[in-house]
Structure formats: structure tokens, C-alpha cells
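In what follows, a single structure is set out as C-alpha cells and then discussed.
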Amino acid sequence: MEVIERVSALRAIVTALRCSGKRIGFVPTMGALHEGHLQLLRASARENDITICSVFVNPTQFNNASDYKLYPRTLEQDISLLQTVGCDYLFAPSAEEVYPQQSVLQFSFGALEAVMEGEHRPGHFNGVAIVVSKLFHIVQPHKAYFGQKDLQQVAIVRQLVQTLSFDLELVCYHTVREADGLAMSSRNKRLTATQRQHATQLYKALQMAAADLKHKAIPDIKAEVAAYLGQVDELQLEYFEIVDAYTLQPVTDVQAQEEVAICIAAFVGEVRLIDNMIVNLNEI
Ligand code: PAF
């Protein structure tokens with residue numbers, strides 16, 4: 001695997017690969033790789049001739065300076081892991097390389113970013129859209145792989161791809177979980193052992209809500225989840241929403257829906273975690 005730090009070097013490689021008819025799979029990440037990322041990379045290696053991964057902790061998508069500072073950075077370990085999953089190129093640029101000038105570009109995703117992560121992390125999706133657009137232009141992938149754990153990010157990137165006519169296929173891969181259900185996340189590395197145990201309650205809350213969907217009203221499910229998580233030490237619920245699985249707008253009548261997403265965000269200590277579950281109402 002080759003590690004590339006310069007945009008110009010990667011552009012030259014991508015041009016040559018495309019000229020020789022190679023299909024490129026791309027997995028954008030912020031590093032601190034875990035099994036969730038590795039499954040995306042393995043899928044890319046299976047489905048494409050060449051796999052490119054980026055590791056870049058993107059400053060413009062953090063609306064909290066300490067979250068950016070404390071985001072885990074484990075490049076040496078990431079390189080070792082990437083070598084085991086068939087990754088051909090790692091793009092690991094500096095912030096100056098990606099942002100030679102400060103970006104003043106403003107994206108707006110309308111209703112899609114007015115809820116959940118968009119509502120609670122102002123500017124977050126603008127930063128995601130800027131960096132993902134830059135990466136798509138530089139890497140020019142045929143397929144790009146994202147994890148369902150960041151469900152709203154997938155919806156935003158889907159809208160970005162459609163609106164700006166990026167010529168690529170977006171692949172959304174299911175959430176990979178630890179044995180006790182906790183969704184894998186680079187941020188889990190920041191949890192203490194006790195917080196790590198408390199964090200498993202997020203998935204339990206999603207399961208509890210999913211089981212109630214057919215026979216309880218949404219306000220009652222929300223109240224139950226808030227009360228349940230309210231008893232967990234060091235856990236501060238930020239939002240819990242039941243939304244249309246595609247538009248991500250809150251639903252009022254579950255019976256009128258085919259598929260809903262149950263979405264949650266909470267602080268466990270200082271660490272902000274998100275998770276979600278997509279439920280097909282015809283299957284429960
Ligand atoms: O999901 C992430 O890790 C990031 O938001 C992404 C897509 C790599 C953009 O910085």
C-alpha cells in the first residue's frame with residue numbers, strides 16, 4: 001500500500017488508473033480505524049480493482065474545538081490495519097493540503113439538515129459536504145462507501161451526489177456492532193471502562209423502541225426511552241427521534257410508514273455518541 005500526502009500526487013495516480021480502465025472504490029474516514037471501517041474497505045476491495053482510503057480529521061466539520069482536538073489520531077496503527085484489508089492507496093493529507101485557503105462555501109440541505117445532527121451541530125454538514133466534495137473531485141471514485149451509523153450523513157452525501165451530479169455510486173453499509181450491541185465508533189476509544197458499559201444502553205434503548213413501534217404512540221415511546229436513559233449514570237440524552245428512513249423527517253403516525261429510522265444521540269461523559277436502527281414496519 002502506498003501512502004500519499006499530496007493532492008497532486010494522488011491526482012496523477014487516479015488519472016493513470018482511470019486511463020487504464022481500473023474501477024476505483026473509495027472509503028473516506030477520519031482514521032482511528034475499527035472493524036466498521038475495515039468492513040467498508042473489504043467490500044470496496046471485493047467490488048473494485050483499486051481501493052483508496054482517506055484518513056483526514058476534517059477541521060471544518062467540528063462545531064466543538066475540544067472534540068476536534070481530542071478526536072483520536074492513530075495513523076501508524078491505521079496503516080497497519082489498512083495493509084490487512086486490500087487497500088491500495090492511503091491518502092493522508094495535512095489540513096493545509098486540503099484547505100490551502102479557508103473555505104467560505106456554504107451548502108444548504110434544506111429540511112434534511114434542519115433535524116437531528118444538523119440541528120444540534122450547526123455547520124457540521126457544511127463541513128462534511130465541503131470535504132466530501134473535495135475528496136470526490138480528487139479521488140474520482142466509481143463507488144464510495146459510507147456506514148449507516150452516520151445515517152444523516154449518508155442522506156446528505158446522497159443529496160450532494162445527486163445535486164452536483166457526481167458520477168459515482170454511493171454504498172451504504174450496515175452498522176457494525178460490538179458483541180454487546182454498542183455501535184463501533186472511533187469515539188468509543190475515548191470512553192472509560194465504566195462509560196463504555198453505560199454506552200451499551202443506547203442500543204438497548206433503540207431495541208426497546210423498535211419493539212414498541214407497533215403498539216405504542218410515538219410520544220409514549222419517546223417518554224419511555226428518556227426515562228430509561230435518564231437512570232443511566234453519566235449519560236445525557238441529546239435527542240431521540242423516530243423519522244422517515246429516507247427523508248429523515250419526524251413521523252407522527254408509524255402505521256402510515258413502511259420504514260422508519262430510530263435515531264439517538266447522547267453524551268456519555270464528555271463523549272458524544274450516535275446510533276440508529278432502521279425498522280421495516282412490514283417485518284415486525
Ligand atoms: O464519517 C466520517 O468519518 C467523516 O464525516 C467523513 C465522511 C470522512 C468526512 O470527513
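Remember, it's 1-based here, ligands and their atoms both numbered in the order they're listed. Bear in mind that the values here come from a model prediction, so they are computed numbers and not experimental data.
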Are any of the N/O atoms in N58 less than 3.5 Å from those in ligand 1? no
Nearest heavy atoms of A32 and S186, plus distance in Å: O-OG, 3.1 Å
Enumerate the atoms of ligand 1 whose separation from the nearest heavy atom of Q61 is less than 4.0 angstrom. 4 (C), 5 (O), 9 (C), 10 (O)
Atoms in ligand 1 with a heavy atom of V131 nearer than 4.0 Å: 9 (C), 10 (O)
Near F146, which atoms of ligand 1 are under 4.0 Å from a heavy atom of that residue? 7 (C)
Contact atoms of ligand 1, heavy-atom distance to T29 under 4.0 Å: 8 (C)
So, R187 and E270, do they make that salt bridge, N to O below 4.0 Å? no
Side chain to side chain contact (heavy atoms under 4.5 Å, CB included) test vs L90 passes for just one of D78, L75, I4, namely L75
Cationic tip of R158 within the cone over F166's six-membered ring, i.e. under 6.0 Å and within 45° of the normal? no
Using a strict threshold of under 4.0 Å (side-chain N to carboxylate O), is an ion pair present between R272 and E117? yes
Ligand-residue contact atoms, ligand 1 with Q153, heavy atoms, under 4.0 Å: 1 (O), 2 (C), 4 (C), 5 (O), 7 (C)
